[in-house]
Amino acid sequence: MLDIKRIKNDLDLVQKGMEKRGAQIDFSSFLKIEEDRKKFLLEIEELRHQRNTTSDEIARMKKAGEDAQPSIEKMRSVSERIKELDKDLGEVEAQINDFLISLPNLPADDVPKGKDDTENRLEKTWGDPRQFDFKIKDHADIGEDLGILDLGRATKLAGARFPLYMGAGARLERALINFMLDIHTTEHGYKEALPPFIVNRTTMTGTGQLPKFEEDLFKLDGWDYYLIPTSEVPITNIYAKEILDEAVLPLKFTAYTPCFRSEAGSYGRDTKGLIRQHQFNKVEMVKVTSPDTSFDELESLLANAETILQRLELPYRVVTLCTGDLGFSATKTYDIEVWMPGQDKYREISSCSNCLDFQARRASIKFKRKGAKKPEFCHTLNGSGLAVGRTFAAILENYQQADGTVTVPDALVPYMGGRTVIENER
RNA sequence: GGAGAAGUGACCGAGCCGGCUGAAGGUGCUCGCCUGCUAAGCGAGUGCACGGGGAAACUUGUGCCGAGGGUUCGAAUCCCUCCUUCUCCGCCA
């Protein structure tokens, strides 16, 4: 959510930012309603003041044995009027809130303008894609052939776009989760969390998934509960409605959770394999920071995610998302894209974003500087560290052998019980 | 699922036969004083949101005692609904 004062004071700037995003937004009716709000508020406060002082007077008069009836009569109508205005004010406030809560975050100055992912800016490339001297397979075929993925039977259990890992596959997925969590907690200073996988409407609204993107979520029938699409949602909201001590910042959390996405509107895309699933595993990193450091923290967040790929020796590149590809809550996002030999291209495996105070304002996450009177909103950041299913897929494709087996990356061997190669388990 | 109890400021905890309580008292915290050090002691301060005035320090208005309604001139205090927590019983990983 943007600061309403900023919209009023820097309308040009806000409008430019929205245009850069390609969003057509009409601020004129908003400004008019905002004026109404102020008018109502002024009158209400005036009347309430009158009521408060007169009520005190009535108490005094009654105590003194005087006749308070005329004042009581008068206040009766005043209260009536307050009630009416209250209703008007409530309606106007609801309209303003609906408007504010549906506005996306403003893009940072250095975010390139563009319409879609083809216009993202390449920042760096790491590692050289391996040259294969045999006919390579994609990860779905490798996994199915080895008997460590059973996507066919998963369809029977749930439907399309659900994973079923078996044997060394299940072990590899678990190994990756543990490997990532261990690095983030012991080397990068994150505190591990294990949050609910189901959250309420307020929490979903805090990070920006609601109210605009309800169709992307799984909702529990008959409950105001949603399956989380990412652990960013519960983790960022941990300190909602709280005022933190400046000294505790930055807060750094990492969490493994499954993620659930309806993938509405992506029919036909990435239908094969683990790339796009209704349920997938992810290790997430979340930071709650002071506004002074959030962009530095974004750089280190990105570096923390890159570390995982470097240790796994998987080639990748980093892009800055252009405005057309930028998420609703983010002001700037780096995507890490891993090399997928089976598809002969780089695919997103992590997304690292600075949301500034956009989410903090929605969820009311504040901090107080030492000696300061007023609390300020924190900045929040989040990044995948990494999407586990896609990492699994990348390992299969990059580490496949001519005989159909898959070599285990050195860093994962201890997490695989010493196993160095995944062989046919059929 | 059944029966009962409770939700007050950073925390503990009064108030709850309606008005002088934004809220006693205590703890904690901040600043100042005192002190050889530590402890103790003394003094002052210590919520959030929105609005008015002021360059600022600050000042002033309104709202907030789980949430939302209602009664009343006036509600932390009375009534209704909901949420949450705790205890006991049942069930259960």
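Numbered from 1 within each chain, the chains take letters A, B, ... in sequence-line order.
Distance, A:Leu89 CG to B:C50 P: 14 Å, rounded to whole Å. As rounded to whole Å, 8 Å separates atom P of B:G74 from atom CD1 of A:Ile82. Summarising the geometry, the separation between CZ on A:Phe367 and P on B:A10 is reported as 18 Å, rounded to the nearest angstrom. In this structure, CD1 of A:Ile58 is placed 15 Å from C1' of B:A75, rounded to the nearest angstrom.
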Requested in this report: Kindly indicate, with the supporting measurements, whether the criterion salt bridge (Lys or Arg N to Asp or Glu O under 4.0 Å) is fulfilled by A:Lys368 and A:Glu246.
Outcome: CA-CA 6 Å; A:Lys368 201 177 246 174; A:Glu246 182 185 19; over 6 Å; no
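In this structure B:G74 sits in no base pair that meets the Watson-Crick or G-U test at under 3.5 Å. With a 3.5 Å ceiling on both atom-pair distances, the Watson-Crick or G-U wobble partner of B:U62 is B:A49. Across all strands shown, B:U35 has no partner, as no Watson-Crick or G-U wobble contact with both distances under 3.5 Å is found. In this structure B:C17 sits in no base pair that meets the Watson-Crick or G-U test at under 3.5 Å. In this structure, B:A56 forms no base pair with any nucleotide, since neither Watson-Crick nor G-U wobble geometry is met with both distances under 3.5 Å. Within the shown strands, B:G26 is the pairing partner of B:C11 under the Watson-Crick or G-U definition, both distances less than 3.5 Å. Base-pair partner of B:A3: B:U87 (Watson-Crick or G-U wobble, both distances under 3.5 Å). Of the nucleotides present, B:A67 is the one that pairs with B:U81 by Watson-Crick or G-U wobble criteria, both distances under 3.5 Å.
Using a 4.0 Å cut-off between charged side-chain N and carboxylate O, A:Asp150 and A:Arg153 make a salt bridge. The pair A:Glu214-A:Arg201 meets the salt-bridge criterion, since a charged nitrogen lies less than 4.0 angstrom from a carboxylate oxygen.
B:A24 and B:U77: their C1' atoms are spaced 16 Å apart (whole Å).
At the heavy-atom level, A:Ile44 lies nowhere under 4.0 Å from the strands shown. If you check every strand for non-hydrogen atoms under 4.0 Å, A:Lys62 touches a base. Here A:Ser79 lies in heavy-atom contact (under 4.0 Å) with sugar-phosphate atoms only. Nucleic acid contact class of A:Lys241 (heavy atoms, under 4.0 Å, all strands): none.
Of all nucleotides listed (B:G74, B:G51, B:U62), B:G74 comes nearest to the side chain of A:Ser55. Nearest to the side chain of A:Ala59, among B:G63, B:G19, B:A49, sits B:G19. Residue A:Arg51 places its side chain closer to B:G63 than to any other of B:G63, B:G61, B:G51. Of the listed nucleotides (B:G63, B:C73, B:U71), B:U71 has the atom at the smallest distance from the side chain of A:Lys83.
Taking only distance into account, the side chain of A:Glu45 never meets the base of B:G51 through a donor-acceptor pair shorter than 3.5 Å.
The residue among A:Lys63 and A:Arg76 whose nearest nucleotide of RNA chain B is located toward the 5' end is A:Lys63. If A:Arg48 and A:Asp56 are placed on RNA chain B by their nearest nucleotide, the residue sitting closer to the 5' end is A:Asp56.
Geometrically, A:Lys191 does not engage A:Phe253 in a cation-pi contact, judged by NZ or CZ lying under 6.0 Å from the ring centre and within 45° of the ring axis.
The aromatic ring centres of A:Phe377 and A:Phe367 sit 6.0 Å or more apart.
Pairing each heavy atom of A:Ser294 with each of A:Asn354, the nearest pair is OG-ND2, 3.1 Å.
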